[in-house]
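Let me begin by presenting the structure, written as structure tokens, before commenting on it.
No hydrogens, no waters, no symmetry mates; every other heavy atom, side chains included, goes into these values. All of these numbers come straight from a predicted model, not from anything done at the bench. Indexing begins at 1, ligand by ligand and atom by atom, following the structure's order.
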Amino acid sequence: MAATSTVLVTGGSRGIGRAICLKMAGLGHYILINYKGNQAAAEETLSAVRAAGSDGELLAFDVSNGAEVKQVLGGWIEANPDKPIGILVNNAGIKEDTLMMWMKDEQWENVRRTSLDGFFYVTREVLNGMLLRKAGRIINVVSLSGLKGMAGQTNYSAAKAGVIGATKALAQEIAKRNITVNAVAPGFIQTDMTAELNEKELKAMIPANRFGKPEEVAHAVAFFASPESGYITGTVLSVNGGLYT
Ligand code: NAP
């Protein structure tokens, strides 16, 4: 692994993804900031990446749309042979919580398509170059819900558990090529996704007695991305204040 590389962060416009972009920019990497629709937020991330002393660019595509991933990401890869993607962070995700008995087809599908299908489409697109170069780091942002299951989140828990299974399988497929595949499983982290939750009430069940910060998840991602982590693959690292592992 080279010390610096091009890093693709899906869902890099806000929250945990933005913190990952900034952490990796601080380490000198070139940052490809993917987002779905929030261009203003993505531009803020890019300005912060530049303020951190690095550079990057925006790449808008919907990770759940296979044709769009192929066209936009595949097209970018073809047009930029001088910037091979050495680190991929599959971070884009959504939640649409409700009890299963009331869950609509779209709620099941939207969440699965974003986290699980998105992982598949984006990783497949980036993988070929990593295999040819015999180097790479793939880090998937999953969730505590995918490890323990969470009531009201059968869709989200299933999608994240699916990504954990795929992480372990892909790690075994490509370890010989010097490519690692790992997952980071956050608990409750302060972002737009958790903005409507009552932290005061919920923190009582977290041993650390607080929600985590996006930067604390980014730190774990940077650990897996580092050149020194080459013998660590197929693992899931919890970042949850001791809530559950
Ligand atoms: P967030 O603040 O809601 O941000 C979500 C990000 O994902 C945004 O950048 C959004 O882009 C992007 N995104 C959503 N759907 C997309 C799609 N189809 N294609 C491309 N980008 C898409 O969420 P977050 O809390 O930072 O969560 C980041 C990841 O951590 C997710 O996978 C989430 O499941 C996981 N996670 C979060 C927590 C938590 O407590 N926050 C806990 C465990 C796991 P736009 O800005 O364009 O909408």
Side-chain angles (χ1 to χ4, degrees), residues 8-23 31-46 48 58-69 71-73 88-97 106 109-123 125 139-150 153 155-164 167 183-199 202-203 206 208 210-218 220-221 236-241 243-245:
L8 170 60
V9 182
T10 68
S13 49
R14 291 182 285 126
I16 293 170
R18 175 182 284 176
I20 294 168
C21 290
L22 299 190
K23 176 76 183 179
I31 315 295
L32 269 184
I33 304 162
N34 158 257
Y35 65 102
K36 185 180 177 190
N38 199 335
Q39 193 178 337
E43 274 166 4
E44 266 181 48
T45 303
L46 181 56
L58 307 186
L59 206 56
F61 59 85
D62 178 348
V63 297
S64 72
N65 181 330
E68 204 175 306
V69 170
Q71 195 199 341
V72 179
L73 177 58
L88 165 63
V89 186
N90 286 301
N91 164 78
I94 56 167
K95 67 175 174 119
E96 294 194 27
D97 297 354
E106 313 85 86
E109 281 162 15
N110 289 345
V111 171
R112 189 213 73 223
R113 289 179 65 230
T114 305
S115 273
L116 186 56
D117 300 7
F119 154 82
F120 171 67
Y121 294 135
V122 174
T123 305
E125 205 60 47
I139 300 122
N140 302 317
V141 180
V142 292
S143 172
L144 173 64
S145 304
L147 289 168
K148 84 177 272 281
M150 192 80 83
Q153 291 196 321
N155 49 358
Y156 185 84
S157 303
K160 294 298 192 181
V163 177
I164 291 170
T167 299
V184 173
F188 290 101
I189 308 296
Q190 286 169 342
T191 68
D192 293 347
M193 190 179 270
T194 53
E196 86 284 6
L197 300 180
N198 186 339
E199 180 172 351
L202 287 168
K203 73 177 188 180
I206 305 169
R210 64 172 177 87
F211 279 15
K213 299 188 183 77
E215 293 75 18
E216 292 172 311
V217 181
V221 170
V236 184
L237 178 59
S238 288
V239 182
N240 61 21
L243 186 55
Y244 171 92
T245 34

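For Tyr121, there are no ring pair (Phe, Tyr, Trp, His ring centres under 6.0 Å) partners at least two apart in sequence or on another chain. Looking at residues two or more places apart in sequence or on another chain, you find a salt bridge (charged side-chain N to carboxylate O under 4.0 Å, His left out) between Glu196 and Lys95. Listed by chain and number, the residues in a side chain to side chain donor-acceptor pair (under 3.5 Å) with Glu125 amount to none (sequence neighbours excluded).
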Polar pairs, ligand 1 vs protein, N/O only, below 3.5 Å.
unit_1	atom_1	unit_2	atom_2	d
ligand 1	9 (O)	Gly11	O	3.2
ligand 1	9 (O)	Ser13	OG	2.6
ligand 1	11 (O)	Ser13	OG	3.3
ligand 1	18 (N)	Asp62	OD1	2.8
ligand 1	19 (N)	Val63	N	3.0
ligand 1	25 (O)	Thr191	OG1	2.5
ligand 1	26 (O)	Ile16	N	2.8
ligand 1	32 (O)	Asn91	O	2.7
ligand 1	32 (O)	Lys160	NZ	2.8
ligand 1	34 (O)	Tyr156	OH	2.5
ligand 1	34 (O)	Lys160	NZ	3.2
ligand 1	36 (N)	Tyr156	OH	3.4
ligand 1	40 (O)	Gly187	O	3.3
ligand 1	40 (O)	Ile189	N	2.8
ligand 1	40 (O)	Ile189	O	3.3
ligand 1	41 (N)	Ile189	O	3.3
ligand 1	41 (N)	Thr191	OG1	3.1
ligand 1	46 (O)	Ser13	OG	2.6
ligand 1	46 (O)	Arg14	NE	2.8
ligand 1	46 (O)	Arg14	NH2	3.3
ligand 1	47 (O)	Lys36	N	2.9
ligand 1	47 (O)	Gly37	N	2.8
ligand 1	47 (O)	Asn38	N	2.9
ligand 1	48 (O)	Arg14	NH2	2.8

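For the residue pair Thr167/Asn140, the side-chain donor-acceptor check at 3.5 Å is satisfied.
Within the 4.5 Å cutoff, side-chain heavy atoms of Leu73 are placed close to those of Leu8. At least one side-chain heavy atom of Arg112 sits under 4.5 Å from a side-chain heavy atom of Asp117.
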